[in-house]
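See below for the structure under consideration.
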Amino acid sequence: MLRIKTPKSLRAKRELEKRAPRLVEFGKKTLLLHGTKTSNVLNAVLTEIYHLKKDNAVKYSRRNDNIRPFESGGETSLEFYSLKTDCSLFVFGSHSKKRPNNLVIGRTYDHHIYDLVELGVENFKSMASFSYDKKIAPLIGSKPFFAFIGEGFENNDELKHLKEILLDLFRGQVVKNLNLAGLDRVYVCTAVSATKVLFTHCALRLKKSGNIVPKMELVEVGPSMDLVVRRHRHPDESLRKEAMKIAPELTKKKEKNVSKDPIEGKIGKIYVPDQQVGNASLPFKPKGLKRERREAKEAKIEANNQSEKKQKDESIKDSEGEAIKPVEKKRKKKKDDSVDNAV
């Protein structure tokens with residue numbers, strides 16, 4: 001039997017409660033790691049990504065010789081760091097002659113590697129190389145826009161996978177409502193070819209337009225780089241189904257005879273039985289009818305009643321034309337009458 005370790009202090013108990021699964025999870029944390037060898041470009045890239053996600057990221061600066069995400073057995077140290085820091089996203093940088101300026105972005109499920117994308121970094125420009133008004137600089141923790149330009153993000157499987165990972169990496173915490181004043185940055189990804197994507201980070205400058213919606217102007221603030229897709233690993237289908245499960249408390253019960261339309265909204269069908277309004281008796285006579293019509297209607301009803309009465313009288317005559325008197329029923333003798341007769 002495995003021994004279950006229980007927290008011995010309140011601080012440890014609070015830490016375990018933070019890591020416990022919830023119905024609605026918080027934003028995903030990102031772990032940034034260095035490989036055995038890294039170049040100056042990769043060090044700058046990891047630092048820039050850490051500044052973009054400073055509110056929700058953990059960065060290690062030491063070298064890690066045992067981490068090789070795409071090789072079997074090289075995932076143990078990476079999964080250990082993911083469990084230690086409680087991070088579900090990681091960015092790993094390494095540099096070699098075969099794969100220079102190599103950047104690996106991946107996701108974990110239950111602190112085990114879920115999927116991976118390997119990218120090569122080219123034409124990198126840091127934030128310091130751009131000159132702009134510092135008043136429009138994006139704030140830490142603000143929600144970004146995403147612009148994916150190119151048909152490759154819809155047709156190519158590799159770019160589709162890269163799009164999912166980039167959205168997970170930079171979108172932050174999921175919210176229902178947004179304040180327009182808090183939207184101050186845009187990530188623009190342009191698919192040049194099937195394996196190359198231009199990644200730029202721009203600030204939003206709001207200008208007056210004469211309407212409620214302001215005019216938006218993009219100002220490039222960095223970082224900017226070209227990402228070349230090298231290797232990628234999709235998750236297993238069984239693992240994907242397990243990771244995509246939704247708690248039954250969050251699922252809505254299906255409503256009968258209700259459908260949703262993107263234009264008309266919620267559409268429902270209701271069953272209305274036949275009301276038979278023509279035969280319904282009204283508690284009052286409608287005053288909207290003219291007097292002549294009302295009198296004609298009453299005369300017609302009276303004529304119909306007389307004809308029905310006449311038909312009844314004719315039906316009780318015999319063949320000679322004489323009326324048949326109805327037979328009177330014999331009255332039952334009461335108890336008192338029988339007593340009088342006996343006396």
Side-chain angles (χ1 to χ4, degrees), residues 19 21-33 45-46 48-60 67 69-70 75 78-79 81-83 85-93 102-119 121 138 140-150 152-154 156-176 178 183 185-191 197-202 223 225 227-237 239-247 250:
R19 299 186 181 191
R22 302 178 182 85
L23 290 177
V24 180
E25 295 287 347
F26 299 138
K28 297 180 179 179
K29 292 174 65 178
T30 305
L31 176 64
L32 296 107
L33 297 165
V45 169
L46 293 174
E48 300 280 319
I49 294 174
Y50 176 69
H51 282 298
L52 293 176
K53 292 181 60 65
K54 198 169 185 179
D55 59 330
N56 219 359
V58 178
K59 185 176 181 295
Y60 285 169
I67 296 178
F70 282 93
E75 307 168 351
L78 184 59
E79 292 174 354
Y81 288 130
S82 173
L83 178 62
T85 57
D86 193 23
C87 294
S88 54
L89 289 163
F90 67 88
V91 180
F92 176 74
N102 198 45
L103 198 68
V104 180
I105 305 174
R107 297 181 287 183
T108 62
Y109 172 70
D110 195 17
H111 302 296
H112 295 286
I113 288 181
Y114 180 73
D115 58 354
L116 296 167
V117 169
E118 189 179 61
L119 305 169
V121 179
I140 296 175
S142 60
K143 293 292 289 183
F145 280 115
F146 278 91
F148 292 95
I149 304 169
F153 291 111
E154 302 296 332
N156 194 348
D157 291 338
E158 294 181 0
L159 294 185
K160 277 184 182 179
H161 190 207
L162 178 61
K163 178 182 175 181
E164 291 180 6
I165 291 181
L166 288 177
L167 282 173
D168 247 2
L169 181 63
F170 291 107
R171 70 177 178 178
Q173 189 173 352
V174 179
V175 294
K176 294 182 179 179
L178 283 175
L183 298 171
R185 68 175 73 192
V186 180
Y187 292 105
V188 182
C189 302
T190 307
V197 175
L198 305 181
F199 179 86
T200 56
H201 177 222
C202 301
M225 53 188 157
L227 301 176
V228 181
V229 181
R230 291 173 177 169
R231 289 185 292 178
H232 66 101
R233 189 174 79 184
H234 290 290
D236 296 332
E237 196 62 31
L239 184 62
R240 180 189 289 272
K241 288 182 180 179
E242 186 179 354
M244 294 295 178
K245 283 182 180 179
I246 302 174
L250 298 177

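Model, not experiment: these values are computed from the prediction.
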Could you walk me through whether Cys189 and Lys163 pass side-chain contact (heavy atoms from CB on, under 4.5 Å), step by step?
CA-CA 9 Å; Cys189 302; Lys163 178 182 175 181; over 6 Å; no

Specify the closest pair of heavy atoms between Gly150 and Ala191, including all atoms of both residues, with the distance to one decimal.
CA-CB, 4.4 Å

CG/Leu250: more than 12 non-hydrogen atoms of other groups inside 6.0 Å:
yes

Between Phe92 and Tyr81, is the ring-ring contact (aromatic ring centres under 6.0 Å, His included) condition met? List the steps.
CA-CA 12 Å; Phe92 176 74; Tyr81 288 130; over 10 Å; no

Please check this pair: side chain of Lys29 against backbone of Thr85, looking for a donor-acceptor N/O pair closer than 3.5 Å.
yes

On a heavy-atom basis, the closest approach of Val229 and Leu159 is CG2-CD2, 4.2 Å

Taking all atoms of both residues into account, what is the closest heavy-atom pair of Pro144 and Phe170, and its distance?
CG-O, 3.5 Å

Measure across Leu116 and Phe70 and return the closest heavy-atom pair with its distance rounded to 0.1 Å.
CB-CZ, 3.7 Å

Glu118 with Arg231: basic N within carboxylate O range, under 4.0 Å:
yes

Measure across Lys53 and Lys28 and return the closest heavy-atom pair with its distance rounded to 0.1 Å.
NZ-O, 4.2 Å

Look at the aromatic rings of Phe148 and Phe153 and report parallel, tilted or perpendicular, splitting at 30° and 60°.
perpendicular

Does the Lys143 side chain pair with the main chain of Gln173, one donor and one acceptor, at a distance under 3.5 Å?
yes

Backbone N/O of Glu158 and side chain of Asn156: donor-acceptor pair under 3.5 Å:
yes

Arg107 and Asp168 have their tightest heavy-atom pair at NH1-OD2, 3.0 Å

